[in-house]
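To start, the structure under review is shown below, and the notes come after it.
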Amino acid sequence: MSIIIMDRLGLAPQIREILETVYDPELKPANIIDLGLVYEIITKEGGIAKVVMTLTAPGCPVAGEIMDEVQRKVASIDGINESLVELTFDPPWTRDMMTEEAKLDLGLF
């Protein structure tokens, strides 16, 4: 599954890069991009960035921590004045959303 990008500010590459430094502690060393947890990256006039993401399970015990880290890191990018994180479970996450690299890192082959 590829990430939907609507990028009026031209900052999606930097956002994607910084999201590659966010990890689900239960699934290290794979980052949230390689795990397929990020569904959308949206930037709008006024320096607004929104990340639509999911978690591996609705009851993820570190959900708040991961979302806070995403919000903080995206907000730290030059040109971003407001960073929003939206959580969705539609579509639900499956292992098929992971990159081949993430599957290798986690020994799923």
* To do: Go through the steps to decide whether Gln14 and Ile80 satisfy the test side chain to side chain contact (heavy atoms under 4.5 Å, CB included), and finish with yes or no.
  => CA-CA 11 Å; Gln14 294 97 308; Ile80 302 294; over 6 Å; no
* **Worked check of side chain to side chain contact (heavy atoms under 4.5 Å, CB included) between Leu9 and Lys44** => CA-CA 6 Å; Leu9 303 179; Lys44 299 178 182 177; over 6 Å; no
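Contact check for Ser83 versus Ile48: no side-chain heavy atoms found under the 4.5 Å cut-off. No side-chain heavy atom of Met97 sits under 4.5 Å from any side-chain heavy atom of Leu37. Proximity of Val74 to Leu84: side-chain heavy atoms (C-beta onward) are nowhere separated by under 4.5 Å. Within the 4.5 Å cutoff, the side chain of Val70 has no heavy atoms near those of the Met67 side chain.
Note that CD of Glu101 and CD1 of Ile33 are 12.5 Å apart. Values are rounded to the nearest 0.5 Å. Separating the CZ atom in Phe89 from the OG1 atom in Thr56 is a distance of 8.5 Å, to the nearest 0.5 Å.
Other residues, nucleotides and ligands place more than 12 heavy atoms under 6.0 Å from the CG atom of Asn81.
Looking at Glu40 and Lys50, no side-chain N of the basic residue comes within less than 4.0 Å of a carboxylate O on the acidic one, giving no salt bridge.
Nearest heavy atom pair, residue Ala12 against residue Asp7, reads N-OD2, 2.8 Å. Across all non-hydrogen atoms, the minimal contact from Ala49 to Ile15 is CB-CD1, 4.0 Å.
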Report all side-chain donor-acceptor pairs from residues 16-28 shorter than 3.5 Å, counting only partners two or more places apart or in another chain.
residue, atom, partner, partner atom, Å
Thr21, OG1, Ile18, O, 2.6
Thr21, OG1, Lys73, NZ, 2.9
Asp24, OD1, Glu26, N, 2.9

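Put simply, Leu87 and Trp93 are part of the same group of oily side chains (I, L, V, M, F, W, Y) that touch within less than 4.5 Å, one to the next. A continuous path of hydrophobic side-chain contacts links Ile5 to Leu35 [ILVMFWY only; heavy atoms under 4.5 Å].
Using a distance-only test at 3.5 Å, with no hydrogens or angles considered, a donor-acceptor pair links the side chain of Thr43 to the main chain of Arg8. Between the side chain of Thr88 and the main chain of Thr54, no donor-acceptor pair closer than 3.5 Å is present.
When each of Asp34, Leu108, Asp105 is checked for a side chain to side chain contact (heavy atoms under 4.5 Å, CB included) with Met98, only Leu108 meets the rule.
Asp68 is linked by a side chain to side chain donor-acceptor pair (under 3.5 Å) to nothing, counting only residues two or more places apart in sequence or in another chain.
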